[in-house]
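Note sheet for the following structure.
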There are 2 protein chains.
Amino acid sequence: MEAARELFWEKGFEATSLGDVVKRAKANPGSLYYFCKTKEDLLLAVLERYRELVWPVVMEPAFNAVDDPMVRIFAVLEGYRQGLMATDFARGCPIGSLSLEIGEAFPSAREKIAANFDGWVGWVKKCFDEAGDQLPPEVDRAALARFVLTVMEGAVMQARAYHSLAPFDSAVEILRDYLARLVTEAEART
Amino acid sequence: MEAARELFWEKGFEATSLGDVVKRAKANPGSLYYFCKTKEDLLLAVLERYRELVWPVVMEPAFNAVDDPMVRIFAVLEGYRQGLMATDFARGCPIGSLSLEIGEAFPSAREKIAANFDGWVGWVKKCFDEAGDQLPPEVDRAALARFVLTVMEGAVMQARAYHSLAPFDSAVEILRDYLARLVTEAEART
DNA sequence: GTCTATAACTCGATAGAC
DNA sequence: GTCTATCGAGTTATAGAC
C-alpha cells in the first residue's frame with residue numbers, strides 16, 4: 001500500500017503497473033489481490049491514506065513552527081517548495097497530479113480527490129479564521145483558502161515543467177502581496 | 001495526429017493506446033508507424049501542434065472580442081470556463097494535464113510543455129504591457145502574466161475534481177480583485 | 001494469509017506484401 | 001505510402017497449493 005502510494009506519486013497511476021507495486025513492496029501478486037481486488041481499489045486506498053497524511057505531513061510542521069496564522073500559510077507553501085527541491089522537481093503535489101490524470105475515469109476516485117482538497121483547504125481556512133480582524137470582515141475566508149490551494153497547484157505544475165523554482169517563487173510572492181494588501185486595508189479601517 | 005491530440009486530451013497519455021489512436025483515425029498501425037516511430041514521438045508532435053493552436057483557439061477570440069487589455073485577460077479565462085461547461089468537466093487544459101502526467105518520464109516532452117506555457121504567458125504579458133500605466137510601473141508584467149496561468153491551472157484542476165464551476169469562479173473573482181487593487185493604486189498615483 | 005504459476009488480454013512496435 | 005498479420009513483452013487479475 002505504501003509502495004503503491006510512492007509509485008503513483010513518482011510515476012502516476014497508469015504508468016505504474018501492479019507488478020511494479022508488488023516488486024517495490026517485496027510481496028507477491030496473490031497477496032496484493034488478497035487485500036485489494038482491483039487497481040482502482042488500490043487507488044482509492046491510496047487516496048484515503050493521503051487524506052490521513054495531510055495533517056501530520058503537510059500542516060502540522062507549519063502549525064508548530066509558526067504562530068502568526070497569516071505567516072503560517074507561507075510555511076505550508078514553503079513545504080512544497082522544499083519537496084520540489086528535494087526531489088529535483090520529480091514530485092509535486094500527489095493529489096494534484098492524480099486529479100488531472102484520473103479525470104473522469106474513476107468517479108469514486110474523483111470524489112476522494114475532492115475530499116483531499118477539502119481537507120487541505122480546511123486547514124488553511126482555519127488560519128484565516130484565526131487571523132480574525134487582520135483581514136477585512138467582508139473577505140470570504142473559505143474562498144481565500146481555496147485560492148491558496150489554486151495558486152499552490154498552479155505554481156507546483158509550472159515549477160516541475162520548467163525545472164525551476166522561479167515560477168513557484170514568483171507566484172508565492174504575488175500571493176503574499178495580495179494578502180498584504182488585504183491586511184493593510186483592514187488596518188486602515190480601524 | 002488529430003486523433004492522438006483528442007485522445008491525450010480526453011484520457012491522458014498513458015491511458016491512450018496506439019490502438020485507440022489508429023481506431024479513432026480510421027487508419028492502420030503501419031501508417032501510424034510510418035509517420036511516427038514511437039509513442040513518445042507522437043506526444044512530441046501533439047505538443048508541437050498545441051503550440052500552434054494556442055493563438056487561434058485560445059487567444060484570438062479573446063483579442064478580437066475585447067479591446068481593453070485588462071478585461072481581455074478575463075475573456076481568456078472565460079474561454080476555459082466555457083470549455084469546462086461544454087465537456088461537463090471532462091476536459092480542462094490539455095497542457096496542464098500532460099504536464100503533471102509526464103513528469104520526468106520524457107524530458108523532451110517536458111521542454112515542449114514549458115514552451116507551451118511560455119507561449120500562453122507571452123500573450124497575456126502582451127495584454128499587461130498594452131495596459132501601460134493602468135498598472136503601477138513597478139509591477140513585473142511577466143510575473144503577473146505567469147500568475148494568471150498559475151491561477152487558471154489551479155482553478156481548472158479544482159473545477160474538474162469537484163465537477164463544479166464554483167472553485168473556478170471564486171478564483172477568477174479573487175484574481176479580478178487583485179488586479180483591480182493594482183489598477184486603483186496606479187490611479188491614485190497620478 | 002502467503003506463495004507459485006499462469007490465464008487472458010492488450011501493449012507498443014514492426015516485417016513484408018501490395 | 002498504406003495494408004494485413006503478428007511478435008514478444010508486459011498487463012491485470014486469479015486459481016489453487018501450502
Side-chain angles (χ1 to χ4, degrees), chain A residues 1-50 90 94 97-113, chain B residues 1-50 90-91 94-95 97-113:
Chain A
M1 238 287 308
E2 207 61 15
R5 196 175 60 80
E6 288 173 20
L7 285 164
F8 290 170
W9 194 12
E10 291 169 23
K11 319 203 305 172
F13 176 71
E14 292 285 351
T16 298
S17 76
L18 297 184
D20 293 338
V21 175
V22 294
K23 198 159 121 191
R24 170 80 59 107
K26 286 174 193 134
N28 316 92
S31 305
L32 178 57
Y33 178 70
Y34 182 80
F35 290 108
C36 230
K37 296 257 153 242
T38 69
K39 198 182 178 186
E40 180 177 358
D41 289 342
L42 186 58
L43 173 61
L44 296 177
V46 163
L47 288 170
E48 190 56 36
R49 178 73 178 139
Y50 271 123
S97 302
L98 287 173
S99 158
L100 292 185
E101 183 180 357
I102 298 312
E104 309 301 293
F106 306 104
S108 52
R110 198 176 53 70
E111 282 173 29
K112 282 200 181 291
I113 286 165
Chain B
M1 239 285 307
E2 206 62 13
R5 196 175 60 79
E6 289 173 20
L7 285 163
F8 291 171
W9 194 13
E10 292 170 23
K11 320 204 305 174
F13 176 72
E14 292 285 352
T16 298
S17 77
L18 297 184
D20 294 336
V21 175
V22 293
K23 198 159 120 189
R24 170 81 57 109
K26 286 173 194 134
N28 317 92
S31 305
L32 178 58
Y33 178 71
Y34 180 81
F35 289 107
C36 229
K37 297 256 154 247
T38 70
K39 198 182 179 186
E40 180 178 358
D41 289 342
L42 186 58
L43 173 62
L44 296 178
V46 163
L47 288 170
E48 191 56 36
R49 177 74 179 139
Y50 271 123
R91 282 172 259 179
I95 306 302
S97 302
L98 288 172
S99 157
L100 292 184
E101 182 179 357
I102 298 314
E104 309 303 293
F106 306 103
S108 52
R110 198 177 51 69
E111 282 173 29
K112 283 200 180 288
I113 286 165

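Computed from a predicted model, the values in this text were never measured in an experiment.
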Let's see if you can work this out: which of [options] has an atom nearest to the side-chain heavy atoms of [X]?
{"X": "A/Pro29", "options": "C/dT2, D/dT2, C/dA5", "value": "C/dA5"}
{"X": "B/Phe35", "options": "C/dT2, D/dT2, D/dA13", "value": "D/dT2"}
{"X": "A/Tyr33", "options": "C/dC3, D/dT14, D/dC3", "value": "D/dT14"}
{"X": "A/Ser17", "options": "D/dT12, C/dC3, C/dC11", "value": "D/dT12"}
{"X": "B/Lys39", "options": "D/dC3, D/dT12, C/dA13", "value": "C/dA13"}
{"X": "B/Tyr34", "options": "D/dG1, D/dA13, D/dC3", "value": "D/dG1"}

NZ or CZ of B/Lys39 within 45° of B/Phe106 ring axis and under 6.0 Å:
no
Centre of A/Phe8's six-membered ring, under 6.0 Å away, within 45 degrees of the axis: is that where NZ or CZ of A/Lys11 sits?
no
Taking atom [atom2] of [N] as reference, at what distance in whole Å does atom [atom1] of [X] sit?
{"X": "A/Glu14", "N": "C/dG12", "atom1": "CD", "atom2": "C1'", "result": "15 Å"}
{"X": "A/Leu18", "N": "C/dA7", "atom1": "CG", "atom2": "C1'", "result": "16 Å"}
{"X": "B/Phe8", "N": "C/dG12", "atom1": "CZ", "atom2": "C1'", "result": "12 Å"}
{"X": "A/Phe13", "N": "D/dT11", "atom1": "CZ", "atom2": "P", "result": "13 Å"}
{"X": "B/Lys23", "N": "C/dT10", "atom1": "NZ", "atom2": "P", "result": "10 Å"}

Sequence-distant partners of A/Lys23, side chain to side chain contact (heavy atoms under 4.5 Å, CB included), two or more places apart:
none
Taking for each residue the nucleotide of DNA chain C bearing the nearest heavy atom, is the 5' side occupied by A/Ser31 or by B/Glu40?
A/Ser31
Look at the side-chain N and O atoms of A/Asn28 and state whether any lies under 4.0 Å from the OP1 or OP2 oxygen of C/dT4.
yes
Relative to the 5' end of DNA chain D, which residue comes earlier, A/Gly30 or A/Asp20, by the nucleotide with the nearest heavy atom?
A/Asp20
Indicate yes or no: at least one non-hydrogen side-chain atom of A/Leu18 is less than 4.5 angstrom from one of A/Val22.
no
Mark yes or no for whether A/Glu101, through its side chain, and B/Gly12, through its backbone, hold a donor-acceptor pair below 3.5 Å.
no
